[in-house]
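Below you'll find the structure, written out as structure tokens, and then a few comments.
Throughout, protein chains are lettered first and strands after them, A, B, ... in sequence-line order, and every chain is numbered starting at 1. Just so you know, these numbers use all the heavy atoms, side chains as well, and skip hydrogens, waters and symmetry mates.
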There are 2 protein chains.
Amino acid sequence: MGIIRKTESVEILLNEFHDTETALSTIELIKRLGKRINKTTIYRVLSKLEEDGILHSFLGFDGVKWFARCKACTRSQHSDVHPHFQCISCGKTECLEVKVNIPKLTNREVLISQFIIKGKCNLCVA
Amino acid sequence: MGIIRKTESVEILLNEFHDTETALSTIELIKRLGKRINKTTIYRVLSKLEEDGILHSFLGFDGVKWFARCKACTRSQHSDVHPHFQCISCGKTECLEVKVNIPKLTNREVLISQFIIKGKCNLCVA
DNA sequence: CAGTTATTAAAACTCAGTTGCAAATATAAG
DNA sequence: CTTATATTTGCAACTGAGTTTTAATAACTG
């Protein structure tokens, strides 16, 4: 249904994504905000922000859901189709501004795709 | 630690993968075999078969774990790096025999990558 | 300001996956 | 073949991410 009312929860959550390009897991957000916002609300607001094309989500290697800011998505179309990188050392998870070429598949209709890469990030690779 | 003894559980599970190229979820395997093998054992045998390079695993869009036969993997190296396709209509999930080009990432070390595509399979696309 | 409707918190629940431990069984040694 | 021992199994209880239900609360509309 998307966001209709500007509530405190929405504002607080949007704020967490405002000053960062990196993705945040639901777990991390609950850890940070769990005392101010109920976890049920956190889950609901996140999924509404996704519906609205403000955030996009993906599953990390551990099966936990991550969210990150969209750059050029709208409510009707999520156009953020890029790989996500998860660092095994520091845990930082980020969107990669790289084009993915989805392989041509004969006789199949592609709807969504997800590409996750695990490794060491620029700071941890040393 | 991998498989050391040839037990009935190992044989039954290997058999499920013997006559199919498609992937099987842990949920499906527990549904099929849960009366013959305890679910704990199913989970344990699957992960040992993965260690041995006989099966490989990946997470579906729902966060459930899927397993499929490896083609050219060994205990020391899992070389099955291909996309997986999950059909939204019939649920069939399969390995795609397509090469994925992992984008060149400067200053980063890539360890594992996972590419999942969701859509309609050749039978359901009609 | 009052009425309507979306949003929230809280608690209980779901369900995939894990853990600890005692009993069972495959394999190696004698 | 029998015994010793180390792996494997089943069971029950647990973990933890995410969901559902319901009553109370807060944002918008007129």
TODO: Check whether any side-chain N or O of A:H56 sits under 3.5 Å from a backbone N or O of A:A68 as a donor-acceptor pair, and report yes or no.
DONE: yes

TODO: With a 4.0 angstrom cut-off to heavy atoms of chain B, pull out the first and last contacting nucleotide of DNA chain D, in 5'-to-3' order.
DONE: D:dA6 to D:dA12

- [ ] Would you give the length of the straight line joining atom CG of A:L29 to atom CH2 of A:W66, rounded to the nearest 0.5 angstrom?
- [x] 9.5 Å

TODO: Would you grab the first and last nucleotide of DNA chain C (5' to 3') that comes under 4.0 Å of any non-hydrogen atom in chain B?
DONE: C:dA16 to C:dT27

TODO: Could you tell me whether the side chain of A:D62 and the main chain of A:V64 form a donor-acceptor pair under 3.5 Å?
DONE: yes

- [ ] Check DNA chain C against residues 86-93 of chain B and give the residues with a non-hydrogen atom under 4.0 Å, in numerical order.
- [x] none

- [ ] Looking only at non-hydrogen atoms, find the nearest pair between A:I117 and B:V110 and report the distance.
- [x] CG2-CG1, 3.7 Å

Open item on the list: Show me the pairs that pass ring pair (Phe, Tyr, Trp, His ring centres under 6.0 Å) and involve residues 89-113 of chain A, at least two apart or across chains.
Closed with: none

Open item on the list: According to ring pair (Phe, Tyr, Trp, His ring centres under 6.0 Å), does anything in residues 33-53 of chain A pair up with another residue at least two apart or in another chain? List the pairs.
Closed with: none

TODO: Treat each ILVMFWY residue as a node, draw an edge where side-chain heavy atoms are under 4.5 Å apart, and state whether A:F85 and B:V100 are in one component.
DONE: yes

- [ ] Mind listing the residues from residues 25-36 of chain B sitting with a heavy atom below 4.0 Å of DNA chain C? Number order is fine.
- [x] B:T26, B:I27

TODO: Please work out which residues in residues 3-11 of chain A have a non-hydrogen atom less than 4.0 Å from an atom of DNA chain C and list them by number.
DONE: A:I4, A:R5, A:T7, A:S9

Open item on the list: When you measure from the side chain of B:N38 to the backbone of B:T40, do you find a donor-acceptor pair of N or O atoms at a distance under 3.5 Å?
Closed with: yes

- [ ] Have a look at A:K39 and say if it touches a base, only the backbone sugar-phosphate, or nothing, with a 4.0 Å heavy-atom cut-off.
- [x] base

Between side-chain atoms of residues 15-25 of chain B and protein atoms elsewhere (two or more places apart, or another chain), which donor-acceptor pairs fall under 3.5 Å?
| unit_1 | atom_1 | unit_2 | atom_2 | d |
| --- | --- | --- | --- | --- |
| B:E16 | OE1 | B:R32 | NH1 | 2.6 |
| B:T20 | OG1 | B:T22 | N | 3.0 |
| B:T20 | OG1 | B:T22 | OG1 | 2.8 |
| B:E21 | OE1 | B:K71 | NZ | 3.3 |
| B:E21 | OE2 | B:R69 | NH2 | 3.3 |
| B:S25 | OG | B:E28 | N | 3.0 |

Open item on the list: Among residues at least two apart in sequence or on other chains, which ones pass side-chain hydrogen bond (donor to acceptor under 3.5 Å, both in side chains) with A:R44?
Closed with: none

Task: Residue pairs fulfilling side chain to side chain donor-acceptor pair (under 3.5 Å) with at least one residue in residues 101-123 of chain B, sequence neighbours excluded - done: A:E94-B:R108

Task: Where B:P103 and A:V98 come nearest, the two heavy atoms and their spacing - done: CB-CG1, 3.4 Å

Open item on the list: Filter on ring pair (Phe, Tyr, Trp, His ring centres under 6.0 Å), then keep only pairs touching residues 103-126 of chain B, sequence neighbours left out; what's left?
Closed with: A:F115-B:F115

Task: Donor-acceptor pair, side chain of B:Q86 and main chain of B:I116, under 3.5 angstrom - done: no

TODO: Using side-chain contact (heavy atoms from CB on, under 4.5 Å) as the criterion, list what pairs up with B:V45, not counting sequence neighbours.
DONE: B:I3, B:S9, B:V10, B:L13, B:T41, B:L49

